[in-house]
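Inspection log for the structure reproduced underneath, given as structure tokens.
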Amino acid sequence: MNLHDETQAIAPQVCRSSLPGFEHVRGFGVFAAPFESGHVLALRVFPENDFAPYKTIWHRSPEGAWSIFVDAPRHDIACPRYFGSAASLIQSAGIRLAWTGSTKLRVEMDAPRFVWDLAMTSSPILGLMNLANPRFPERVRRSPGMLRAMESMADRVLGLGHVTLAGITPNGHSTMLLPERMFFLASSRAVFESVDLGQPARGGACPTIGVMNLPARPVFAIGRAYFELRDPVEYERTVRELAEDDGRSERSETELHSSVL
């Protein structure tokens with residue numbers, strides 16, 4: 001098991017969704033990590049999507065307030081596009097990832113100061129599921145029947161609770177989450193603004209964001225997701241603006257290089 005190599009194999013690229021009527025993301029992260037202290041964390045790393053590569057860290061306080069920290073060209077092309085209405089705080093941040101081993105990951109953020117060390121592991125049942133999932137065509141895996149079966153398995157077999165794989169995001173988008181490979185967290189230590197979040201929780205009620213249930217047990221996933229394309233005019237405008245911004249950035253770098261030479 002080499003998650004470092006698997007995740008690095010997902011090349012950063014901007015490409016339109018292959019599913020008509022939906023935007024898409026592909027990448028990896030921590031689906032959710034509840035802590036016994038009442039804090040909840042999540043990590044989203046999506047090198048491939050319709051707009052631009054991005055990373056986000058989600059944090060829910062013990063009082064239930066969500067914050068989303070965004071490392072992206074714009075907030076409206078990352079997780080806040082779909083989940084922002086459920087967040088009390090949305091803030092730009094520099095997020096760094098460092099694989100310290102084949103299954104060990106460190107996540108850091110400067111402001112607010114945050115360090116999260118993770119180690120992933122598998123199990124016999126996860127191993128079988130991870131072998132089987134890629135063998136199904138994607139059209140089968142995103143069918144309503146298969147999504148319901150995966151939700152049931154996540155609850156009854158994996159102990160993740162009544163997790164939502166097909167539902168409605170806080171911003172009103174229909175969504176389908178398609179994990180291809182999943183791994184439990186063997187260890188997790190997070191410090192958020194000098195506060196040690198404590199021990200990971202191993203069950204209990206699922207944390208929620210809007211009406212979507214996140215796992216009740218910490219789990220790392222590699223896969224993709226689809227979100228309903230609700231405003232085609234806004235979508236095309238956003239794609240165009242990002243392409244123009246990227247073109248201007250490339251020209252500026254070229255001009256800077258030429259002036260140095």
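Looking at every heavy atom in both residues, Ala216 comes nearest to Ala205 through CB-O, 4.0 Å. Of all the heavy atoms in Ala42 and Phe31, the pair that sits closest is CB-O, 3.7 Å. Taking both residues in full, the closest heavy atoms of Leu89 and Gln91 are given as CD2-OE1, 3.8 Å, listed atom of the first, atom of the second, then distance. Of all non-hydrogen atoms in Met120 and Leu118, the two that sit nearest each other are SD-CB, 4.0 Å. When all heavy atoms of Pro53 and Val14 are compared, the pair lying nearest together is CD-CG2, 4.3 Å. Considering every non-hydrogen atom in both Cys206 and Asn213, the closest pair reads CB-CB, 4.0 Å.
Phe83 pairs by the ring pair (Phe, Tyr, Trp, His ring centres under 6.0 Å) definition with Trp58, not counting sequence neighbours. By the side chain to side chain donor-acceptor pair (under 3.5 Å) test, Ser88 pairs with no residue at all, sequence neighbours left out. Residues that satisfy the ring pair (Phe, Tyr, Trp, His ring centres under 6.0 Å) test with Tyr235, not counting sequence neighbours, are Phe51.
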Review point. Could you walk me through whether Leu43 and Val107 pass the side-chain contact (heavy atoms from CB on, under 4.5 Å) check?
Key: CA-CA 9 Å; Leu43 172 69; Val107 183; 3.9 Å; yes

Practice item. Go through the steps for Arg74 and Leu242 under the test side-chain contact (heavy atoms from CB on, under 4.5 Å), then give the verdict. Key: CA-CA 9 Å; Arg74 293 166 35 167; Leu242 285 163; 4.1 Å; yes

Point to revise | Ser85/Asn171 under side-chain hydrogen bond (donor to acceptor under 3.5 Å, both in side chains): CA gap, chis, key distance, verdict | key: CA-CA 6 Å; Ser85 65; Asn171 289 21; 2.8 Å; yes

Exercise for review: Test side-chain hydrogen bond (donor to acceptor under 3.5 Å, both in side chains) on His24 and Asp50 and set out the steps.
Suggested key: CA-CA 6 Å; His24 87 296; Asp50 292 68; 2.8 Å; yes

Check your understanding: Between Tyr226 and Arg142, does a side-chain contact (heavy atoms from CB on, under 4.5 Å) hold up when you go through it step by step?
Key -> CA-CA 9 Å; Tyr226 293 95; Arg142 65 175 182 244; 4.1 Å; yes

Practice item. Tell me, with the steps shown, if Leu147 and Leu178 meet side-chain contact (heavy atoms from CB on, under 4.5 Å). Key: CA-CA 8 Å; Leu147 287 167; Leu178 306 179; 3.7 Å; yes

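Here the side chain of Thr238 pairs a donor or acceptor atom with the backbone of Glu234 at under 3.5 angstrom. Within the 3.5 Å criterion, the main-chain N or O of Thr56 finds no donor-acceptor partner in the side chain of Arg44. A distance-only check finds no donor-acceptor pair linking the side chain of Ser102 to the backbone of Asn2 [under 3.5 Å]. Side-chain atoms of Glu180 never come within 3.5 Å of backbone atoms of Gly223 as a donor-acceptor pair (strictly under, hydrogens ignored). Although no hydrogens or angles enter the test, the distance criterion places a donor-acceptor pair under 3.5 Å between the side chain of Asp71 and the main chain of Ile95.
With respect to the salt-bridge test (charged N to carboxylate O, under 4.0 angstrom), the residues Arg156 and Glu151 do not qualify. With respect to Asp117 and Lys104, no salt bridge is recorded, no charged nitrogen being found less than 4.0 Å from a carboxylate O. A salt bridge links Asp110 and Arg96; the closest N-O separation between the charged side-chain nitrogens and carboxylate oxygens is under 4.0 Å. Comment: Glu236 does not engage Arg240 in a salt bridge, judged by the lack of any side-chain N to carboxylate O separation of less than 4.0 angstrom. Between Glu23 and Arg16 there is no salt bridge, since none of the side-chain N atoms of the basic residue sits less than 4.0 Å from a carboxylate O of the acidic one.
Residue pairs that meet the salt bridge (Lys or Arg N to Asp or Glu O under 4.0 Å) test with at least one member in residues 25-35, sequence neighbours left out, are Arg26-Glu48. Counting only residues at least two apart or in different chains, ring pair (Phe, Tyr, Trp, His ring centres under 6.0 Å) contacts with residues 152-190 comprise Tyr82-His173.
Val191 is not connected to Val40 by any chain of hydrophobic side-chain contacts under 4.5 Å among Ile, Leu, Val, Met, Phe, Trp and Tyr, and they are in different clusters. A single hydrophobic cluster is not seen to contain both Val30 and Val115; linkage of ILVMFWY side chains at heavy-atom distances under 4.5 Å, directly or through other members, places them apart. Under the 4.5 Å side-chain contact rule for hydrophobic residues, Met153 and Val219 share a cluster. Under the 4.5 Å side-chain heavy-atom criterion for Ile, Leu, Val, Met, Phe, Trp and Tyr, Val157 and Leu131 are members of distinct hydrophobic clusters. Residues Phe136 and Leu128 are members of separate hydrophobic clusters, defined by side-chain heavy-atom contacts under 4.5 angstrom among Ile, Leu, Val, Met, Phe, Trp and Tyr.
Summarising the geometry, atom OG1 belonging to Thr121 is positioned 9.0 Å from atom CG belonging to Leu126; distances are rounded to the nearest 0.5 Å. In this structure, CG in Leu229 is found 10.5 Å from CG in Leu19, a value given to the nearest 0.5 Å. Separating the CG atom in Asn130 from the CD1 atom in Ile222 is a distance of 8.0 Å, to the nearest 0.5 Å. Considering CD1 of Ile168 and OG1 of Thr175, their distance stands at 8.5 Å, rounded to 0.5 Å. The line from CD1 of Ile57 to CG of Leu41 is 8.0 Å long, rounded to the nearest 0.5 Å. One distance of note links CZ of Arg181 with OG of Ser122; it measures 7.5 Å at 0.5 Å rounding.
Atom CD of Gln8 has more than 12 neighbouring heavy atoms from other residues, nucleotides or ligands inside a 6.0 Å radius.
Ring pair Trp99/Phe28 is tilted by interplanar angle, where 30° to 60° counts as tilted.
Side-chain contact between Leu214 and Val163 is absent, with no heavy atoms from C-beta onward closer than 4.5 Å. Inter-residue side-chain proximity for Val70 and Tyr54 is flagged as unmet; no heavy-atom pair is nearer than 4.5 Å. Contact check for Leu97 versus Lys55: side-chain heavy atoms found under the 4.5 Å cut-off. Side-chain atoms of Ser61 and Trp66, non-hydrogen and from C-beta on, never get closer than 4.5 Å to each other. Using a 4.5 Å heavy-atom threshold, the side chains of Phe69 and Met109 count as touching.
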Output a table of donor-acceptor pairs, distance under 3.5 Å, between side-chain atoms of residues 32-39 and any protein atom two or more places apart or on a different chain; print 'none' if there are none.
| unit_1 | atom_1 | unit_2 | atom_2 | d |
| --- | --- | --- | --- | --- |
| Ser37 | OG | Leu197 | O | 2.6 |
| His39 | ND1 | His59 | NE2 | 2.9 |

